[in-house]
Visitor: 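If you scroll down you'll find the structure; I have some questions about it.
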Amino acid sequence: MVETLTTPRLILRPLRPSDAGPMSLYASDPRVARMTTSIPHPYPPGAAEAYIERQATNPRDEAWAIDATPSGGSELVGVIAFKTEAVEMGYWVGPPFWNSGYVSEALGAVLSHLFEARGLNAIGASVFADNPASARVLEKAGFVETGTTMQYSVAREDSALSRMFVLTREAMDRRVVELASTGAV
């Protein structure tokens, strides 16, 4: 079950049925869908509701709604997910919220939670090579690029070059110490 997490500007909470509308709106944007492996474009009716229902009943994977209401923002600005089997993070944020820092803030909280709660030694992530903004989010969180691979994108209906990243517990711990020394945490 997804545990609710908080940051100074966000609530990271389980998805709920009322998230389906904004999720459909943002996920149906081709700029969002093309940067993911699994969001189709066009985004079919009922897809958001089905995803929310799957997350509510899936004991292995976790998905958090990125809720910006503590800072006067929208109830759903994006989604951040952890795939247990792959030990891999994924996220997307709606275009109105790009460059807001929400994903970086959410990712930091979720990573801290996962390393602590699960006792993990490393977490992976990947981004399409034509998505430098997401790569910067990962690098800012302390992820290190480990190589490239081809990944299929449902929205692109083709494989595309992806950059693979990993964040070790050791690197995460160093990052927390660095942030603390600058007063950022």
Side-chain angles (χ1 to χ4, degrees), residues 1-29 31-33 35-36 38-39 43 48-49 51-56 58 60-84 87-118 120 123-127 131-143 165 167 169 171-185:
M1 172 139 185
V2 172
E3 185 175 326
T4 298
L5 310 172
T6 59
T7 72
R9 299 184 304 156
L10 304 170
I11 298 170
L12 306 168
R13 57 168 174 76
L15 292 163
R16 55 187 179 216
S18 62
D19 294 325
M23 182 181 290
S24 293
L25 175 68
Y26 303 135
S28 67
D29 188 310
R31 297 172 296 173
V32 171
M35 295 303 162
T36 72
S38 59
I39 296 176
Y43 198 65
E49 291 85 354
Y51 180 78
I52 292 167
E53 177 62 29
R54 271 194 317 277
Q55 291 308 311
N58 184 348
R60 295 189 345 223
D61 293 343
E62 298 178 68
W64 289 263
I66 303 173
D67 182 329
T69 55
S71 57
S74 298
E75 285 185 35
L76 182 83
V77 300
V79 173
I80 187 164
F82 176 68
K83 296 179 182 176
T84 302
V87 192
E88 183 176 71
M89 296 301 308
Y91 50 84
W92 61 264
V93 66
F97 313 105
W98 289 353
N99 300 310
S100 66
Y102 287 150
V103 172
S104 292
E105 192 171 325
L107 183 61
V110 170
L111 289 168
S112 292
H113 167 72
L114 290 170
F115 276 115
E116 181 67 28
R118 301 259 180 111
L120 301 172
I123 297 175
S126 62
V127 299
N131 189 355
S134 277
R136 280 193 303 275
V137 167
L138 293 175
E139 291 165 343
K140 185 177 174 182
F143 281 80
F165 292 83
L167 176 65
R169 174 184 283 278
M172 179 72 180
D173 291 344
R174 276 195 311 269
R175 182 75 180 125
V176 169
V177 168
E178 289 169 11
L179 290 173
S181 70
T182 65
V185 288

Visitor: Could you state the interatomic distance from OG (S100) to CD (E105), rounded to the nearest 0.5 Å?
Guide: 8.5 Å
Visitor: Evaluate the criterion side chain to side chain contact (heavy atoms under 4.5 Å, CB included) for residue pair R31 and W92; output intermediate values, then yes/no.
Guide: CA-CA 10 Å; R31 297 172 296 173; W92 61 264; over 6 Å; no
Visitor: Compare every heavy atom of L15 with every heavy atom of A65, then report the nearest pair and how far apart it is.
Guide: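 Minimum heavy-atom separation between A65 and L15: CB-CD2, 3.7 Å.
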Visitor: To the closest 0.5 Å, what do you measure between OH (Y102) and CD1 (I80)?
Guide: 14.5 Å
Visitor: Atom CZ of F165 and atom CG of L138: how far apart are they, to the nearest 0.5 Å?
Guide: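 Output value for this atom pair is 5.5 Å.
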Visitor: My understanding is that only residues two or more places apart in sequence, or in another chain, count here; which of them pass salt bridge (charged side-chain N to carboxylate O under 4.0 Å, His left out) with E139?
Guide: R163
Visitor: Is there a side-chain contact between Y26 and V79, using heavy atoms and a 4.5 Å cut-off?
Guide: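 When only atoms from C-beta onward are counted, V79 and Y26 do not touch, as no gap falls below 4.5 Å.
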Visitor: Taking W64 for its side chain and I11 for its backbone only, find out whether a donor-acceptor pair lies under 3.5 Å.
Guide: no
Visitor: Can a donor-acceptor pair be found, under 3.5 Å and without considering hydrogens, that links the side chain of R169 to the backbone of L120?
Guide: yes
Visitor: Does a side-chain heavy-atom distance below 4.5 Å link D67 with V77?
Guide: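 No; the side chains remain at least 4.5 Å from each other.
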Visitor: Short question: side chain of T36, backbone of A33 - any donor-acceptor pair under 3.5 Å?
Guide: yes
Visitor: List the steps, then state whether side chain to side chain contact (heavy atoms under 4.5 Å, CB included) holds for V110 with Y91.
Guide: CA-CA 11 Å; V110 170; Y91 50 84; over 6 Å; no
Visitor: Mind listing the closest non-hydrogen atom pair of F143 and G124 along with its distance?
Guide: CE2-C, 4.0 Å
Visitor: Looking at every non-hydrogen atom in both residues, tell me the closest pair between A125 and E88 and how far apart they are.
Guide: CA-CG, 3.9 Å
Visitor: Could you check whether any side-chain heavy atom of M172 comes within less than 4.5 Å of a side-chain heavy atom of S112, counting everything from C-beta outward?
Guide: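 Side-chain contact under 4.5 Å: yes.
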Visitor: Any side-chain to backbone donor/acceptor pair from D19 onto R16? Under 3.5 Å, distance only.
Guide: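 Indeed, once roles are kept as given, a pair shorter than 3.5 Å links the two residues.
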Visitor: Taking all heavy atoms of I52 and all of P17, pick out the closest pair and write down the distance.
Guide: CG2-N, 4.1 Å
Visitor: Less than 4.5 Å apart, any side-chain heavy atom of F115 and any of L167?
Guide: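 Side-chain contact under 4.5 Å: yes.
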Visitor: Please give me the minimum heavy-atom distance between A27 and V32, naming the atom from each residue.
Guide: CA-CG1, 4.3 Å
Visitor: Indicate yes or no: at least one non-hydrogen side-chain atom of M89 is less than 4.5 angstrom from one of L114.
Guide: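 Side-chain contact under 4.5 Å: yes.
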Visitor: Check whether any side-chain N or O of Y43 sits under 3.5 Å from a backbone N or O of L25 as a donor-acceptor pair, and report yes or no.
Guide: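 It does not hold such a pair.
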Visitor: Taking all atoms of both residues into account, what is the closest heavy-atom pair of V2 and R13, and its distance?
Guide: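 Minimum heavy-atom contact is CG1-C, 4.3 Å.
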Visitor: First locate atom OG1 of T4, then atom CG of L12, and finally report the distance between them rounded to the nearest 0.5 Å.
Guide: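 Between T4 OG1 and L12 CG, I get 8.5 Å after rounding to 0.5 Å.
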Visitor: As an exercise, state the distance from OG of S104 to CG of N99, rounded to the nearest 0.5 Å.
Guide: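 One finds 10.0 Å between OG of S104 and CG of N99.
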Visitor: Does the T7 side chain pair with the main chain of L10, one donor and one acceptor, at a distance under 3.5 Å?
Guide: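 Looks like yes, one N/O pair under 3.5 Å.
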